[in-house]
Amino acid sequence: MKKDSFYVTTPIYYVNDKPHIGHAYTTMLADMLARSHRLLGHDTWFLTGTDEHGQKVQEAADKRGVPPQEHVDTMVKRFEELWERLEITHDDFIRTTETRHTKIVQEILQDLYDRGEIYQAEYDGLYDVRSETFITEKDLPEGFSAENLPDHVKVIQETNYFFKMSKYQEWLISYIEENPEFIQPDFRRNETLGFLRKDLSDLCISRPKSRLSWGIELPFDDEYVTYVWFDALVNYISAVGYRSDDEMFARRWPAQVQLIGKDILTTHTVYWPTMLKAMGVAMPQTIFAHGWWLSGKDKMSKSTGNVVNPLEYAERFGVDALRYFLVAEMSLGQDASFTEEVFIKRYNSDLANDLGNLTSRVLKMVHTHCDSKVPVASALPAEGTPEADLWNHVQTAVSEMSRQVENMRPDLGVAAVMTAIREANKYIGVRAPWKQAKDENLQPLYETLYVSMEALRVCAALLYPVMPAKMMALRTQIGAGVDEPNVDDLKVFGKLVEGASLEEGEGLFPRHQKPKAAPQPKPSKKAANVVTVEEIAIEDFFKAQLKTAKVLEAVAVEGADKLLTLQLDVGGEQRQIIAGIAKHYTPEQVIGKMIIIVTNLKPAVIRGVESRGMLLAASKGKKLTLVTVDAEDFPSGAKVG
RNA sequence: GGCGGUGUAGCUCAGUGGCAGAGCAGAGGAAUCAUAAUCCUUUUGUCGGGGGUUCAACUCCCUCCACCGCCA
């Protein structure tokens, strides 16, 4: 193991996606890890980038009427700009359309082909256009069959190229079992082993150009391009000199940490290791799958509109506060909840009350009583004094932070620093410098303030990887200089130069008020939801035609555990709708109810059954109740609004 | 349906075969340097239910319930 070298990667993001909190989180986390290792003096390399090939890019480019390359050149800027805004310090940004990447992908393919690791075979079966993957009948959505395919699945018969992934199955199982740190957290490791219990098939790594032309051409057959995942995964090594710069490759690879979201586990823990094995390249030390940010308790999704926009928080509270929240709030690996209420609570208690206020009270006294200069103090007092106790707490934070970064629990590292900061607040209470300031002998006051500033200095260095700009501002305010902190900063007492002049600075973390009832009266306090709800005009509302409807019949949709098919009477007209309420209502419970439906919704086929309309229901978390009509014997077909 | 996980204070979560914990929230008090911030004290627990092993179980075993993940 190369001890002092640290190479961290994020997935390369699909260039067509709109950057969201998930992208921001992974990248920010990698940045925090990279900055932490730089702080510890390790030879650090941080790679991120974009995945730019594939069907969706081609389609989007066609739609805009521009060549795919021009399209991705435009799209990639959104990621580059976001990383700049979020203070991301990647050392390299790789794009899969760059020659340095495509050339290596082709070399790898040729090599594997020459060595018989890739072979040609007939494929006869189903292909999912949307995910660009081959599927079996079992993979079809419920309600569909080989005779009744969804639009995005086609029957194809064609020749393709396959990578002999299956022959590495036994090896991979042993490798994962023998290297517990290879896949983390351990429950993801178990999942991968579970996946590997059934037979692994070979991986189709080609797509005929007739269907998809926007990709890397196979070097041994110009009728085909490379399957996107085979192309994309290679970025982790093509960017650090594989087959192009042996010295750099030896220095960087294997990566210490490859961060991924839990949604791309299999590609990274099955495809990627077997590819590396076939190439004869070493495995990365750790593939770490983190969880997702939830909006309250619900999954964020575009359709419900409860997506947190990282930039909005960066604007309102500052980039560093956002970075702090993301690191401090998520137990790495688990899912975590992102709400405005929790964000403000955490911001106020940790950043404003503890750290910000500590800085403010110390510096105010320094400016008032020490002529805006770093006070003159003696060496650190002996063990047993409050000063030594405080310094010990700070040193505990130092060791905890590096230990927890190593353990992939940066949230616990940050928590250790907050403990030290609370100790500093207690220390000030013990020494009561406002009383010391009234004594004739001001030396004790100077000692108190100096020790407090030293504690702040180290804590600022520890939190620098999380909040670079704010912690630099803090360091400047206490006279720690304008250079980035380094290892010396962490362990040595007395780095602040006595007598150095200090400038008064802005408050670091102004307190935020809890979200109050907005000036515009809102219908309800949806404190648990960070969605900003767009206001609509009355005519928008009336675009949806709502009517009462009586439930005549209800039956469960076969093969779907959430759906009921309802036959409704809407003012004499009979209508069929599919409703996702089977987990909350039995068919018997809904028959006879007078519900409210949207009648002019575009008809949809759900699980092979037509649905003409949508019913209204109130839901919160896992609870759900139908919206019904208050009056008994109210006629169906009545307009609602 | 198969495999795995989780269940601890109002909330988020630590934790260990030997006296149930932290942060936030709540209550009371001190202090007045500071961003209405800080500090001290403090309430609440069938440790998901039931059974078993043990001198001793929140911890180990069995079982049931609830929720979650992966696979099907």
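Hydrogens, waters and symmetry mates are skipped; everything else that's a heavy atom, side chains included, is used. From a predicted model like this one, the values you see are computed outputs, not experimental measurements. Reminder, nothing fancy here: chain letters follow the sequence lines and each chain counts from 1.
Counting only distance, with no hydrogens or angles, the side chain of A/E498 and the backbone of A/A377 share a donor-acceptor pair below 3.5 Å.
Residues A/E406 and A/R403 are not paired through a salt bridge, judged by the lack of any N-O separation under 4.0 Å between the basic side chain and the carboxylate. A salt bridge does not link A/R431 with A/E447: none of the charged nitrogens is closer than 4.0 Å to a carboxylate oxygen.
Note on A/K198: every side-chain N or O is 4.0 Å or more away from OP1 and OP2 of B/C71. Contact annotation: A/R361 side-chain N/O to B/U38 OP1/OP2 distance is not under 4.0 Å. Phosphate proximity of B/A37 to A/N425: absent, as no side-chain N or O sits under 4.0 Å from OP1 or OP2. Under 4.0 angstrom from either OP1 or OP2 of B/C40 there lies at least one side-chain N or O belonging to A/K426.
Between the P atom of B/C33 and the OH atom of A/Y446 lies a distance of 17 Å, rounded to the nearest Å. The distance from atom CG of A/L351 to atom P of B/U35 is 17 Å, rounded to the nearest whole Å. In this structure, A/I183 places its CD1 atom 20 Å from P of B/G69, rounding to the nearest Å. Between the C1' atom of B/U12 and the CG atom of A/L412 lies a distance of 13 Å, rounded to the nearest Å. Atom CD1 of A/I264 is separated from atom P of B/C70 by 14 Å (rounded to the nearest Å). The CZ-C1' distance, from A/R431 to B/A31, rounds to 17 Å in whole Å. The separation between A/W434 atom CH2 and B/A37 atom P is 17 Å, rounded to whole Å. The interatomic distance linking A/Y427 (OH) with B/A34 (P) rounds to 18 Å, in whole Å.
Candidate nucleotides B/C33, B/A34, B/C39 were compared by shortest atom distance to the side chain of A/R422, and B/C39 ranks first. When each of B/U35, B/G69, B/C33 is scored by its nearest atom to the side-chain atoms of A/N357, the top-ranked nucleotide is B/U35. The side chain of A/M365 sits closest to B/C33 out of B/U35, B/C33, B/C24. Checking B/C39, B/C3, B/C70 against every side-chain atom of A/E191, the shortest atom distance belongs to B/C70. Counting only heavy atoms from C-beta on, A/R511 has its side chain closest to B/A37 among B/U32, B/A37, B/C39. In this structure, the nucleotide among B/U35, B/C33, B/C3 sitting nearest to the side chain of A/R197 is B/C3.
For an aromatic pair to be called close, the ring centres must be under 6.0 Å apart, and A/Y271 with A/W229 fails this. Less than 6.0 angstrom separates the ring centroid of A/Y313 from the ring centroid of A/F338.
Comparing the C1' positions of B/G7 and B/G45 gives a spacing of 14 Å, expressed to the nearest Å. B/G15 and B/U8: their P atoms are spaced 14 Å apart (whole Å). Comparing the C1' positions of B/C60 and B/U54 gives a spacing of 10 Å, expressed to the nearest Å. Nucleotides B/C19 and B/U59 are separated by 15 Å at their C1' atoms, to the nearest Å. Taking the C1' atom of each, B/C33 and B/U38 are spaced 10 Å apart, rounded to whole Å. Comparing the P positions of B/G48 and B/A9 gives an interatomic distance of 8 Å, to the nearest angstrom. With both ends at atom P, the span from B/A20 to B/U43 equals 15 Å, rounded to whole Å. Remark: the separation of the C1' atoms in B/A57 and B/G52 is 11 Å, to the nearest Å.
The nucleotide B/C13 finds its pairing partner in B/G21, both defining distances of the Watson-Crick or G-U wobble pair being shorter than 3.5 Å. Pairing partner, B/A30: B/U38, with both Watson-Crick or wobble hydrogen-bond distances short of 3.5 Å. Nucleotide B/G69 has B/C3 as its partner under the Watson-Crick or G-U criteria, with both atom distances under 3.5 Å.
Within 4.0 Å (heavy atoms only), A/G194 reaches no atom of the nucleic acid at all. Note on A/R346: nothing from the nucleic acid sits closer than 4.0 angstrom, heavy atoms only.
Toward the 5' end of RNA chain B, the nearer of the two residues A/N190 and A/R409, judged by each one's closest nucleotide, is A/N190. The residue among A/D354 and A/H369 whose nearest nucleotide of RNA chain B is located toward the 5' end is A/H369.
Counting heavy atoms from C-beta outward, A/F325 and A/F317 have side chains that stay 4.5 Å or more apart. Residues A/M28 and A/V327 form a side-chain contact, since some pair of their non-hydrogen atoms from C-beta on lies under 4.5 Å apart.
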